[in-house]
Enquirer: 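Input: one structure, supplied below.
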2 protein chains.
Amino acid sequence: MDNRGQHISQQFDAELEKIRNQVLSMGGLVEEQIRNAIRSLTDNDAPLAEEVIKNDVKVNNAEVTIDEECSHIIARRQPAASDLRLVVAVIKTITDLERIGDQAERIARMAIRLSEMERPKNQYSELKTIGNHVASMFHDTLDAFARMDPEAAVEVAKEDLKVDTEYDGIMRQTLTFMMEDPRSITRMLDVMWTARAIERIGDHSKNICEYIIYLVKGKDVRHTSLEKMEKEALR
Amino acid sequence: MDNRGQHISQQFDAELEKIRNQVLSMGGLVEEQIRNAIRSLTDNDAPLAEEVIKNDVKVNNAEVTIDEECSHIIARRQPAASDLRLVVAVIKTITDLERIGDQAERIARMAIRLSEMERPKNQYSELKTIGNHVASMFHDTLDAFARMDPEAAVEVAKEDLKVDTEYDGIMRQTLTFMMEDPRSITRMLDVMWTARAIERIGDHSKNICEYIIYLVKGKDVRHTSLEKMEKEALR
């Protein structure tokens, strides 16, 4: 038995496990950023928003670190087949995680702007609803990644349709407010941009779910219908 | 002399050259999409906008094809150092190219909506200006990629600051129109979303410029200042 070969393969497995864990830990950080950004908005908590803005650099650093780790693994280990798919999926996933982080920062900046304006009676409950929806969608995305579960990934992708419907509702409602009361335009625009940033987090989560299906099933399901995605995931 | 080794290395070079050309050809397609989307908007040309929407599938297909090509190269050739950086940079670049394609499609959809509404006297000249600016910024990005020129990449990244300033101007102007004439709100919102989509193309172009610097200089300049980026590029 070739002990040396086995030893190298164990080391390699440990390295792959390490980048998976790094992705999950970066994901945990991003989830905290999303939840704090939403809370800073709905609880009118500007200091919390400042914290989110300050912490975005941690998300950026995580992306750069994991990227380097992936390049090292490709160069040293020459991964093939499913190992290679894992590394490529990780490179793509962390790009989306970083951009979700940017959206959280954007929400936090809006929270600060909105904290300086008159508050509506409902304390932006519609943003709270869609925000919590997207935060839990993102949580499920990380779960699907942790368990490498393509079925769960399809379920998350389906949620994105509901988020889009909620988003459309907020857009219509905000437009109505603007037309009824032009003095509300500036504030309503900020609400629109915030809703947009939240909705984008849903899109990025869906992207990550597509990478998970690609990773486990070896089939690229981007740019296909939800039906086709589901068929591949359950195959 | 090991002819076989040389032969393999020539094949490998040819493969790397092939994916570089594929990226440039995908980029050319995306540039056409951007220019047609802007033109459909400013020339009030709904059929051209329909064409842009229809052609987005070509951009999507190019991304999937090049992605597969990159995975094959990594698996077969075990690239190291600068070859590996090229492949990783390509994987990242085409993600941004695909998202630029999505923004072009979004602009085309707005062009169709706006074609059904009253036109301003200036025929959206402010969108034409920022649109052409971003289109030429994107063109220079492809040039910098073709020549693997980090200095040119820094110049493009600098342009993005000017685009951001133009974008802020359009946002302020549109807001003023909305407040002066609430009947213009719906149309002005579409102008805002269009300006936003154009501005995002600038951001994605800047991302690609950062990958070019990483590729040539081996230094990750994402999330750093323009000054630091320039220092690395000229080193």
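A note on names: the letters A, B, ... follow the listed sequences, proteins ahead of strands, and every chain is numbered from 1. Quick caveat: nothing in here was measured; it's all calculated off a predicted structure.
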Enquirer: Asp181(A) versus chain B, heavy atoms under 4.5 Å apart: side chain, backbone, both or neither?
Expert: neither
Enquirer: Quick check on Thr95(A) against chain B: is it the side chain, the backbone, both or neither that has a heavy atom closer than 4.5 Å?
Expert: side chain
Enquirer: Could you look at Ile91(A) and say if it's the side chain, the backbone, both or neither that has a heavy atom under 4.5 Å from chain B?
Expert: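 When you check distances to chain B, atoms from both the backbone and side chain of Ile91(A) fall under 4.5 Å.
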Enquirer: Determine the option with the most heavy-atom pairs under 4.5 angstrom with chain B, choosing from Asn61(A), Asn207(A), Val88(A).
Expert: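 Sorted descending by pairs with chain B, the first entry is Asn207(A).
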Enquirer: Who pairs with Lys231(A) by side chain to side chain contact (heavy atoms under 4.5 Å, CB included), at least two apart in sequence or on another chain?
Expert: none
Enquirer: Most heavy-atom pairs under 4.5 angstrom with chain B, which of Asp56(A), Val87(A), Asp67(A)?
Expert: Asp67(A)
Enquirer: Less than 4.5 Å to any heavy atom of chain B: does that hold for the side chain of Asn60(A), its backbone, both, or neither?
Expert: both
Enquirer: Using non-hydrogen atoms only, which part of Met171(B) is less than 4.5 Å away from chain A: side chain, backbone, both, or neither?
Expert: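 The answer is the side chain of Met171(B).
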Enquirer: Is any side-chain heavy atom of Pro182(A) closer than 4.5 Å to one of Ile185(A)?
Expert: yes
Enquirer: Given that the side chain runs from C-beta out, which part of Asp83(A) has a heavy atom under 4.5 Å from chain B: side chain, backbone, both or neither?
Expert: neither
Enquirer: Report the residues that fulfil side chain to side chain contact (heavy atoms under 4.5 Å, CB included) with Glu68(A), sequence neighbours left out, ordered by chain and then residue number.
Expert: Val64(A)
Enquirer: Would you mind checking which part of Asp102(B) comes under 4.5 Å of any heavy atom in chain A, side chain (CB onward), backbone (N, CA, C, O), both or neither?
Expert: neither
Enquirer: Identify which of Leu175(A), Thr186(A), Leu84(A) forms the greatest number of heavy-atom pairs closer than 4.5 Å to chain B.
Expert: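 Most pairs with chain B among the choices: Leu84(A).
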Enquirer: Select, from Arg183(A), Met192(A), Arg77(A), the one with the greatest count of heavy-atom pairs under 4.5 Å involving chain B.
Expert: Met192(A)
Enquirer: Has the side chain of Gln103(A) got a donor or acceptor atom that lies under 3.5 Å from a matching backbone atom of Ile201(A)?
Expert: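 Here the side-chain-to-backbone pair does not exist.
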Enquirer: Are Glu63(B) and His223(A) close enough that a side-chain donor and a side-chain acceptor fall under 3.5 Å?
Expert: yes
